[in-house]
Novice: 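Before I ask anything, let me first share the structure, which is written out below as structure tokens.
Order of listing sets the numbers, starting from 1, for every ligand and every atom in it.
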Amino acid sequence: ELFTAISEVEPLLETHKKIIDDLDDYIQKEEKRLYVLKKHLNLYKKEHGMAMEDIPNYLGNPINAFTLIKRLTTDLDFIEKSIKIGTGDVKAALQWTKKLLALEPKHPRARGNVPHFQKTIAETEVKLKRRRRGETGEDDEEEDSKPMSYLSKERKVYEALCRGEIEIPSEMSRRLKCSYLTENHPFLKLAPIKMEQMYIDPDIVVFHQVLSDDEIEHIKDMAKPRFKRAVVHDPKTGELVPAHYRISKSVWLKDEESDVVSRVSRRVADFTGLTMDTAEELQVVNYGIGGHYEPHFDFARKEENAFKKSSGNRIATVLFYMSEVAQGGATVFTELGLSVFPVKNAAVFWLNLHPSGEGDIATRHAACPVLRGSKWVSNKWIHQGGQELLKPCNLEYQQEDVMRKIPRPISRTSR
Ligand SMILES: O=C(O)CCC(=O)C(=O)O
Ligand SMILES: [Fe+2]
């Protein structure tokens, strides 16, 4: 009978409508995705055309060099992701395939697809996790042992400090002084060093004009042919390894290699009042565009093996600025909210350890990415060994992980 037959077909129109809506929705999403991909393709084509017209001129512009690298790394990740989205929602596909198998357990395509979908989901999750870790610059163990909120908060502070958006409290900046350093060595009575306080407790100071242009050129010339990718101490093994969170090239120069290098060491001893007998060699570092060193401590944590073989922990850091940086490249202290922008010929100095010898976690710092230009620094890490008679110690036990209030109250007697 015609009538009954039509009544049974009628509900199919609902399915028909749903298919129209779903297809419509799918096509719209695909069109949007293709539009974004086409936009990227056109940009790639345009930039490539411009680059081929005059390659040295194109790559000589740091913005072009930087965006080329960016297009081939982070942008490509994004493109890959949006192409993958085009192949469907893998999690939903897995769910539907499982439902199909419940009805039709022997369906050969469905059975074959399940492991394939599971593999794709697992791979995507590993990639996401790796990307998250890359952002923090921490390794697995540290990431697991610290709440994510601490690291993401630090990241925000780090980025804001790099942009120069955070100022130290006015109560602190009012107390900061510039002076001539004449103590520590008779030589300084003749040629005092200009000292600028940047922060009080922990004390961070900048010594101005402590390297001459000629000395800088000499050190750079020695370093250039010997540069290697910079490394860090692996917290577990103490071995030196490359790390994604430290991007630069570096080299170590010995005092014996050149009069300039040994003169620099002597000068550090003069203006810090500390012995260089146990100090590390002079490390020279060059950061290109995008080069950086994410937040870290210069001292070894208790659980680390870094300085087991050398004379104690890194009591102090002297960081010489051997260039200005056109844009970016500040040294920032994430616990203090302090940015130090490189000034050529100057050196920034701070103590990494409390008087008790415990690591001072307020000294956590980072080198911001260079946006334009190139950044040259060199540093001298001074160790505890041999400082016993030069630096008064303190029996007060200051635990490494106890965060003292910052800014810390400044005692009257010590200032
Ligand atoms: O380059 C800088 O500004 C800081 C470098 C640094 O923190 C380091 O090498 O340990
Ligand atoms: Fe450092």
Novice: For Asp298, which part has a heavy atom under 4.0 Å from ligand 1: side chain, backbone, both, or neither?
Specialist: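 It is the side chain that touches ligand 1; the backbone stays farther off.
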Novice: As an exercise, identify every atom of ligand 1 less than 4.0 angstrom from a heavy atom of Leu319.
Specialist: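 Checking each atom against Leu319, I get 2 (C), 3 (O), 4 (C).
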Novice: Pick whichever of Arg314, His296, Arg364, Lys375 has a heavy atom sitting closest to atom 10 (O) of ligand 1.
Specialist: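 Looking at heavy atoms only, the winner is His296.
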Novice: May I ask you to identify, for His292, whether its side chain, its backbone, both or neither come under 4.0 Å of ligand 1 on a heavy-atom basis?
Specialist: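 For His292, no heavy atom sits under 4.0 Å from ligand 1.
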Novice: Which of the atoms of ligand 1 are close to Ala367, meaning less than 4.0 Å from one of its heavy atoms?
Specialist: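 So the answer, numbered in order with elements, is 1 (O), 2 (C), 3 (O), 4 (C).
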Novice: Just distances here: any N/O of His365 and N/O of ligand 1 closer than 3.5 Å?
Specialist: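 His365 vs ligand 1: N/O contact under 3.5 Å present.
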Novice: Suppose we call two aromatic rings close when their centres sit under 6.0 Å apart. Are Trp376 and Phe227 close by that rule?
Specialist: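 They qualify: ring centres under 6.0 Å apart.
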Novice: Does the side-chain hydrogen bond (donor to acceptor under 3.5 Å, both in side chains) test come out yes or no for Asn379 and Gln283, once each step is laid out?
Specialist: CA-CA 5 Å; Asn379 57 283; Gln283 184 186 224; 3.0 Å; yes
Novice: So for Trp376, does at least one of its heavy atoms come nearer than 4.0 angstrom to any atom of ligand 1?
Specialist: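 For ligand 1, residue contact (heavy atoms, under 4.0 Å) with Trp376 is absent.
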Novice: With heavy-atom distances below 4.0 Å as the criterion, list the atoms of ligand 1 near Thr331.
Specialist: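 So the atoms of ligand 1 that pass are 2 (C), 3 (O).
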Novice: Name the residue from Tyr293, Phe341, Tyr321 that meets the side-chain contact (heavy atoms from CB on, under 4.5 Å) definition with Thr331.
Specialist: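 Option passing the side-chain contact (heavy atoms from CB on, under 4.5 Å) with Thr331: Tyr321.
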Novice: Run the numbers for me: atoms of ligand 1, each under 4.0 Å from some heavy atom of Arg246, listed by number.
Specialist: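 It comes down to these atoms of ligand 1: 9 (O).
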Novice: For atom 5 (C) of ligand 1, grab the closest protein heavy atom and report residue, atom and distance to one decimal in Å.
Specialist: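 So the nearest neighbour among protein heavy atoms is Tyr287 OH, 3.4 Å.
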Novice: Using a strict 4.0 Å cut-off to heavy atoms of Tyr293, name the atoms of ligand 1 that fall inside it.
Specialist: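 Contacts of ligand 1 toward Tyr293, numbered from 1: 6 (C), 8 (C), 9 (O), 10 (O).
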